[in-house]
Amino acid sequence: ATSDNITLNLTAGSLDVHPTEKALVVHYEVEASILGEGGGQMLGERKEGQKIIRVKSLSPSTDVGALAKKVVEECKLIPASRLPQVEQLLYYLQNRKSSPLSLFIGSALILQLARNPDNLEELLHNGIRALGALARVLREDWKQSVELATIIIYIFFYALSTGLAALFHHYKIGALCMSVVEHELKRHDVWREELRKKTKERIFKKDQDKAMRKYQGLLAKQEQLLRVSLYLLLNLAEDTRTELKMRNKNIVGLLVKVLERDDDELLVLVVSFLKKLSIFLENKNDMAEMDTVERLARLVPCDHDDLMNLTLRLLLNLSFDSGLRAKMVEVGLLPKLTALMGDENHRQVAMRILYHISIDDRFKAMFVYTDCIPQLMHMLYEHGEEDIETELISICINLAANKRNAQLMCEGNGLKMLMKRALKMKDCLLMKMIRNISQHDGPTKPIFIDYVGDLAAEIRAEEEEEWVLECLGTLANLTIPDLDWELVLKEYNLVPYLKDRLKPGSAEDDLILEVVIMIGTVSMDDACAAMLAKSGIIPALIELLNAQQEDDEFVCQIVYVFYQMVFHQTVRSSLTLHPEAPAYLIDLMHDKNTEIRKVCDNTLDIIAVSSVLTRTQSISQTSVITAAETIYTNTLSSRSMKNGITPADGSVSPDFFGDLQAQNGDSHHVG
């Protein structure tokens, strides 16, 4: 063939049969030459090639002679002189049988080549034909030989690094591997059932041992096949589209089923795969519908460090789901995870899972029945002046919101140690933990009397707002009958600070809210209530109420202050001197928030009853009170006076306080 000054010469080479297909392989050589102006060769290049002639119609009844003539006529690479050779090769193909042993040996040889990086380039050159042939062999013969299937999939695994990824999609090798895994898992169920039946039969122990050895031999070969198949699938899943196809074919279900195996290397691979999949919501939901957590629980703890680490990280991913957290507690993981807090290699991940569990109020109390609290307190004590890890203090803050946990934390010199470190380091998170402890009634609250002065001394404008917020919140929780709040307010000059912080915008809303709660706490004391009223707190509260009237939490806490103040005769008159206060209360009787309505009802009850006994107010004041009385005259018959509200027993840190509902299973009212 010629084209201008380029000449191509084709030379036929050897002729052979295809190793796995019904086909002939014709080898040839192409020589390209560039001719000069005089016709002489200036440049030449040679390249070898091969052509595959498939003879799918070849069968035992085929006329080999006629077929050989047809092949020679249609293939220009085969000269007529080679007709006898073509006929001989076709006769060989007609009588050749596919032997699993020959396939096994051939595949094993290819695997040996693939393991050597120097041979990968050559395999890549012939990759299309090789992969296609091996894919067909695997699809047709893998059930006959586990060893053959294992070797072929190993070849696929090595070939994946040679840049043949597109061919994997073409030959659907991923789907083929999933079919292999699914079939082998079903086969294992059959083996196990057969073994179970034999162990129940009255046969000699010798025969039972033989059956067990056979089962274990089959299992060892099968797990090797599962390892290489899943490893290949894990690599193919790097492509998200391929991973989605795997999910649609129930890859999660297959992996979860393999979790019942005992082979550590296989389990490492399976847990790694599940961890990769678990970051997607759909896969996590699939795992939630299966026995994933139950099967992972048996791996905690285990002697294999890599498997232990991967299992914990998978559990951490799953622990973001509240239902799966509940399952972890149900299957007994809580004490197991607590025990891992003492293991340097796994402490951090274990504590992150414990933190997620501690978020849920249902499970806070269950930590009491583990060794968790003593360990946490010991770890806090060991830190000295070093920064506390986020996981450690976060768990402590959550668990301190439970009454029994708080009591355990205060045992011995627990509270003393916490207060000493918090005050010295001005550690806001540690003080948040203390604040949560301080909310609980019972034996822990009186212990705080020794620290009232230390806390009050921190309530200063010069301090950081976040720090003051936690100290003030702790003080506001201390509803202790024997505590002389009047002395505290005077000695630490707190009234000016409290009044100044009531101004809208004077500080962050969280701090202003805590100031209101603090005023509500100290207003239970007659002398304190009078001192605050005299300082002009009531107009400041009314102004704040007007500014924050859309915030239910602010409204409820401010109205509660009014409720506390109307208990005191000297303050009640001061309150009614400001007509806006009763007017707001009347308006809020129809608020959609139940807690707000309850506090308003009770506050107006007291005002209405007291106004009947004393008529010393001015006409304008009396008219406001009369309005309240008129409303209440119409409603007293339909509601009971038993809807009273008890004094505040503390407030959970704002981070944990939501929708004005009881927190953490501990019954308390808003205050």
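In this text the structure is predicted, and so the values were computed from the model without any measurement.
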J.: Just by modelled atom types, is the L259 backbone N or O under 3.5 Å from a matching donor or acceptor in the R298 side chain?
T.: yes

J.: With H346 as reference, evaluate T311, L337, D305 under the side-chain contact (heavy atoms from CB on, under 4.5 Å) test and give the passing residue.
T.: D305

J.: For residues L219 and W191, report the shortest heavy-atom separation together with the two atoms involved.
T.: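 Reported closest heavy-atom pair: N-CZ3, 4.2 Å.
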
J.: Does the pair E243/K276 count as a salt bridge with the N-to-O cut at 4.0 Å?
T.: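 K276 and E243: salt-bridged.
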
J.: Give, for atom NZ of K327 and atom CG of L333, the distance between the pair rounded to the nearest 0.5 Å.
T.: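 Reported value, rounded in 0.5 Å steps: 11.5 Å.
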
J.: Before accepting this row, confirm whether a basic side-chain N of the pair E344/R347 lies closer than 4.0 Å to the acidic partner's carboxylate O.
T.: yes

J.: Return yes if some donor-acceptor pair links the side-chain N/O of N283 with the main-chain N/O of I279 below 3.5 Å, else return no.
T.: no

J.: Between V25 and H27, what is the shortest heavy-atom contact and its length?
T.: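 Here V25 and H27 meet closest at CG1-NE2, 3.7 Å.
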
J.: Counting only heavy atoms not in N248 (residues, nucleotides, ligands), do more than 12 fall under 6.0 Å from its CG?
T.: yes

J.: Report the residue from V331, L315, I353 that forms a side-chain contact (heavy atoms from CB on, under 4.5 Å) with V300.
T.: L315

J.: Looking at D291 and E294, would you say the former's side chain and the latter's main chain have a donor-acceptor pair under 3.5 Å?
T.: no

J.: What heavy-atom pair brings A23 and L93 nearest, and what distance separates the two atoms?
T.: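 Shortest heavy-atom separation between A23 and L93 comes out as O-CD1, 3.6 Å.
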
J.: Any salt bridge between D189 and K186, counting N to O under 4.0 Å?
T.: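 Salt bridge: no.
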
J.: Can you list the steps and then say if F367 with L354 is a side-chain contact (heavy atoms from CB on, under 4.5 Å)?
T.: CA-CA 10 Å; F367 282 80; L354 288 171; 3.9 Å; yes

J.: Pick out which of R261, R227, R187 makes a side chain to side chain donor-acceptor pair (under 3.5 Å) with Q222.
T.: R261

J.: For a side-chain contact (heavy atoms from CB on, under 4.5 Å) check, start with the C-alpha distance between L392 and H383, then their side-chain angles and the critical distance, and finish with the verdict.
T.: CA-CA 11 Å; L392 173 58; H383 269 78; 3.6 Å; yes

J.: Is it the case that the side chain of K364 and the backbone of I359 share a donor-acceptor pair, with hydrogens and angles ignored and the cut-off at 3.5 Å?
T.: yes

J.: For the pair S229 (side chain) and L226 (backbone), establish whether a donor and an acceptor sit closer than 3.5 Å, ignoring hydrogens and angles.
T.: no

J.: Would you call R196-E193 a salt bridge at under 4.0 Å N-O?
T.: yes

J.: Which distance, rounded to the nearest 0.5 Å, do you find between the CE of M308 and the CG of D303?
T.: 10.5 Å

J.: Could you pull out the closest heavy-atom pair between S278 and L318, with the gap in Å?
T.: CB-CD2, 4.3 Å

J.: With side chains defined as the heavy atoms from C-beta onward, is the minimum distance between F273 and L233 less than 4.5 Å?
T.: yes

J.: What heavy-atom pair brings T390 and S394 nearest, and what distance separates the two atoms?
T.: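 Nearest pair, atom of T390 first, then S394: O-OG, 2.6 Å.
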
J.: Step by step, work out the side-chain hydrogen bond (donor to acceptor under 3.5 Å, both in side chains) result for N309 and R313.
T.: CA-CA 6 Å; N309 183 265; R313 292 187 179 279; 3.1 Å; yes

J.: What is the distance from atom CZ of R139 to atom CG of L176, rounded to the nearest 0.5 Å?
T.: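 Between R139 CZ and L176 CG, I get 5.0 Å after rounding to 0.5 Å.
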
J.: For D209 and M212, run side-chain contact (heavy atoms from CB on, under 4.5 Å): C-alpha distance rounded to whole Å, both residues' side-chain angles, the deciding distance at 0.1 Å, then the answer.
T.: CA-CA 5 Å; D209 292 344; M212 177 57 76; 5.6 Å; no

J.: Do T292 side-chain atoms and A288 backbone N/O form a donor-acceptor pair below 3.5 Å?
T.: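 Not at all, since once roles are kept as given, no pair shorter than 3.5 Å links the two residues.
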
J.: Can you find a heavy atom in the side chain of V72 that is under 4.5 Å from one in the side chain of R82?
T.: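 Counting from C-beta outward, V72 and R82 never come under 4.5 Å.
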
J.: Is the side chain of Q375 donor-acceptor paired with the backbone N or O of T338 at a distance under 3.5 Å, no angle test?
T.: yes

J.: Roughly how far apart are I388 CD1 and L376 CG, rounded to 0.5 Å?
T.: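 I388 CD1 to L376 CG: 11.0 Å, rounded to 0.5 Å.
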
J.: Do the side chains of L254 and L230 get nearer than 4.5 Å, heavy atoms only?
T.: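 No, too far: nothing below the 4.5 Å cut-off.
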
J.: Any chance NZ of K336 has more than 12 other-residue heavy atoms, nucleotides or ligands included, within less than 6.0 Å?
T.: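 Yes, because the 6.0 Å sphere around NZ of K336 holds more than 12 heavy atoms from other groups.
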
J.: Evaluate Q94 against L90 for side-chain contact (heavy atoms from CB on, under 4.5 Å), listing each step before the verdict.
T.: CA-CA 6 Å; Q94 188 181 43; L90 289 175; over 6 Å; no

J.: Measure the shortest side-chain to side-chain distance between M341 and M379 over non-hydrogen atoms and say whether it is less than 4.5 angstrom.
T.: yes

J.: A side-chain contact here means heavy atoms from C-beta on lying under 4.5 Å apart; do L277 and M287 qualify?
T.: yes

J.: For the pair K275 (side chain) and L310 (backbone), establish whether a donor and an acceptor sit closer than 3.5 Å, ignoring hydrogens and angles.
T.: no

J.: Under the 3.5 angstrom rule, does the side chain of R325 hit a backbone N or O of H356 as a donor-acceptor pair?
T.: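 Checking the backbone N and O of H356 against the side chain of R325, a donor-acceptor pair under 3.5 Å is found.
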
J.: Is the number of heavy atoms from other residues, nucleotides or ligands within 6.0 Å of CD (Q88) greater than 12?
T.: no

J.: To the closest 0.5 Å, what do you measure between CZ (R352) and CG (N317)?
T.: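 These two atoms lie 11.0 Å from each other.
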
J.: Please assess R192 against E260 for the test salt bridge (Lys or Arg N to Asp or Glu O under 4.0 Å), listing each intermediate value before the final yes or no.
T.: CA-CA 13 Å; R192 194 164 49 182; E260 65 188 20; 3.3 Å; yes

J.: Measure across M351 and I395 and return the closest heavy-atom pair with its distance rounded to 0.1 Å.
T.: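 Taking every non-hydrogen atom into account, O-CD1, 3.2 Å.
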
J.: Can you tell me how far CG of D360 sits from CE of M366, rounded to the nearest 0.5 angstrom?
T.: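 It comes to 11.0 Å.
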
J.: Could you tell me whether the side chain of V258 reaches within less than 4.5 Å of the side chain of L269, counting heavy atoms only?
T.: no

J.: Below 4.5 Å, heavy atoms only, C-beta onward: do Y154 and T150 meet side chain to side chain?
T.: yes

J.: Does K245 reach the side chain of I251, with side-chain heavy atoms less than 4.5 Å apart?
T.: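 The answer is no, as the side chains (C-beta and beyond) never meet within the 4.5 Å cut-off.
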
J.: Does OH in Y231 sit with more than 12 non-hydrogen atoms of other residues, nucleotides or ligands closer than 6.0 Å?
T.: no

